[in-house]
Protein chains: 2
Amino acid sequence: MKTLTPLNYALLGLLNRAPLTGYEVMQVFQTTPLGGYSSSPGAIYPALKKLRHAGLLTVSGNGASGRGDTLAVTAEGKAMLKAWLLEAPVEGAGVDLPGQMLKFTFTGDMLTKRQQLSFIDRLEKAIDSAISSLAASRDRIRSNLGTHDILAVEAGLLQYRAAADWCALARRELSKGK
Amino acid sequence: MKTLTPLNYALLGLLNRAPLTGYEVMQVFQTTPLGGYSSSPGAIYPALKKLRHAGLLTVSGNGASGRGDTLAVTAEGKAMLKAWLLEAPVEGAGVDLPGQMLKFTFTGDMLTKRQQLSFIDRLEKAIDSAISSLAASRDRIRSNLGTHDILAVEAGLLQYRAAADWCALARRELSKGK
DNA sequence: TGAATCATGTAATAGGTTACATGATTCT
DNA sequence: AGAATCATGTAACCTATTACATGATTCA
């Protein structure tokens with residue numbers, strides 16, 4: 001069970017907040033923005049089973065609603081989750097913004113304020129470097145490519161700039177609650 | 001060969017600009033932002049073969065460089081590509097921004113100015129509706145969820161707003177060249 | 001001539017989607 | 001009792017990733 005998929009981490013993160021039954025997990029994925037991290041029973045149930053067999057989840061008695069076993073994250077599962085949260089974003093190439101946002105959501109449950117702020121700092125650095133590299137590539141092609149290609153690159157730049165703005169916003173919010 | 005993957009369309013769109021050998025296609029995918037649409041030989045070569053067998057690509061003699069067969073989009077392939085470009089973005093749920101940008105890049109080669117502008121209009125509408133639905137979900141959870149969840153939704157909103165700004169920018173650029 | 005890289009692939013593996021199957025339970 | 005939906009899955013299929021294989025060609 002070396003590597004976990006984003007979906008696996010999303011499941012661990014969600015269940016780390018509160019134990020849920022498989023069905024409840026599916027509901028959450030189908031009704032919240034979390035659902036970006038797919039999605040269907042054919043993905044979620046096998047993933048939950050795999051995590052159980054890997055010892056990262058355990059069945060923890062009967063849920064409040066009476067039926068269905070609720071699943072909870074084990075100590076080992078929490079350790080995996082935390083390690084993932086502390087991983088630095090991959091430098092170079094593009095930054096996976098949705099993926100980083102998913103991570104960020106769960107940092108509130110597992111990391112200290114200090115660690116959360118450092119998460120933002122590192123994300124901001126990765127975004128800045130992505131911006132530089134995109135801007136460079138835009139300038140490189142400006143002469144020999146068409147309007148459409150340049151506009152597409154421009155779109156990428158705007159996305160990253162918005163993400164950079166978000167970092168500043170998030171830092172303010174986190175410091176406020178300090 | 002009913003449904004094509006995003007990668008398939010990316011290949012069609014790229015080869016629609018100019019015939020290339022398989023290797024050259026790979027180079028482009030590995031060195032440009034297009035590479036977001038993966039990527040590896042193990043994906044690209046099989047995909048090219050599939051498109052050939054489906055009659056959407058043909059081998060068109062030897063490339064300028066001497067070696068390797070260059071691939072070109074057939075009339076049928078062009079039709080598929082055009083149909084895809086004219087498809088409306090999926091309403092509801094999230095808008096696949098990178099996917100729409102990929103599409104946009106290719107509209108310059110296949111669609112009239114009028115159609116390109118209408119592409120932007122529809123994209124903008126889809127984005128606006130995504131913004132409304134995200135904003136609503138933010139307000140719905142504001143009271144009973146933590147700072148981190150709200151910030152994550154806020155990030156989504158900033159992304160969409162940046163995309164909306166881009167629509168305005170793109171419209172200006174396209175009208176200018178009119 | 002040997003090293004690099006050009007050029008095209010295949011095989012093993014893993015993961016997801018769609019669609020279907022199935023038993024239990026609540027609602028009318 | 002019958003309909004809906006709760007709740008958990010399985011099976012077929014497809015696609016992508018990683019890693020490896022292979023022959024041809026250019027370059028030092």
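Reckoned from all heavy atoms, side chains included, excluding hydrogens, waters and symmetry mates. Chain letters run A, B, ... following the sequence lines, proteins first and then strands; every chain starts at 1.
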Please report, rounded to the nearest Å, how far the [atom2] atom of [N] is from the [atom1] atom of [X].
{"X": "L57(B)", "N": "dT8(C)", "atom1": "CG", "atom2": "P", "result": "13 Å"}
{"X": "D69(A)", "N": "dA7(D)", "atom1": "CG", "atom2": "C1'", "result": "11 Å"}
{"X": "L20(B)", "N": "dA7(C)", "atom1": "CG", "atom2": "P", "result": "12 Å"}
{"X": "Y45(A)", "N": "dA21(C)", "atom1": "OH", "atom2": "C1'", "result": "14 Å"}
{"X": "L48(A)", "N": "dG15(C)", "atom1": "CG", "atom2": "C1'", "result": "15 Å"}

Just by distance, no angles: are the side chains of T70(A) and T21(A) close enough, under 3.5 Å, to form a donor-acceptor pair?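 T70(A) vs T21(A): no donor-acceptor pair found between side chains.
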Does the side chain of N8(A) pick up a donor-acceptor pair with the side chain of T5(A) at under 3.5 Å?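 Per modelled atom types, N8(A) and T5(A) side chains form a pair under 3.5 Å.
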Salt bridge (Lys or Arg N to Asp or Glu O under 4.0 Å) between D149(B) and R17(A), intermediate numbers included: CA-CA 12 Å; D149(B) 304 271; R17(A) 301 198 151 170; 2.8 Å; yes
By the ring-ring contact (aromatic ring centres under 6.0 Å, His included) test, which pairs, at least two apart or in different chains, include something from residues 128-155 of chain B?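 Passing the test, one end in residues 128-155 of chain B: F104(A)-H148(B).
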Working note: T58(A) + R52(A), criterion side-chain contact (heavy atoms from CB on, under 4.5 Å); need CA distance, chi angles, decisive distance, verdict. CA-CA 6 Å; T58(A) 29; R52(A) 241 170 31 230; 6.0 Å; no
So, OP1 or OP2 of dT8(C): does either fall under 4.0 Å of a side-chain N or O from Y23(B)?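 Looking at the OP1 and OP2 atoms of dT8(C), neither is under 4.0 Å from any side-chain N or O of Y23(B).
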Has K49(A) got a side-chain N or O lying under 4.0 Å from the OP1 or OP2 atom of dT8(D)?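 Checking K49(A) against dT8(D): no side-chain N or O falls below 4.0 Å of OP1 or OP2.
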Taking protein heavy atoms under 4.0 Å as touching, what does nucleotides 13-18 of chain D look like 5' to 3' if B marks base contact, S marks sugar-phosphate-only contact and - marks none? --SSBB
Check the surroundings of atom NZ in K78(A): do more than 12 heavy atoms from other residues, nucleotides or ligands lie under 6.0 Å from it?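 Yes.
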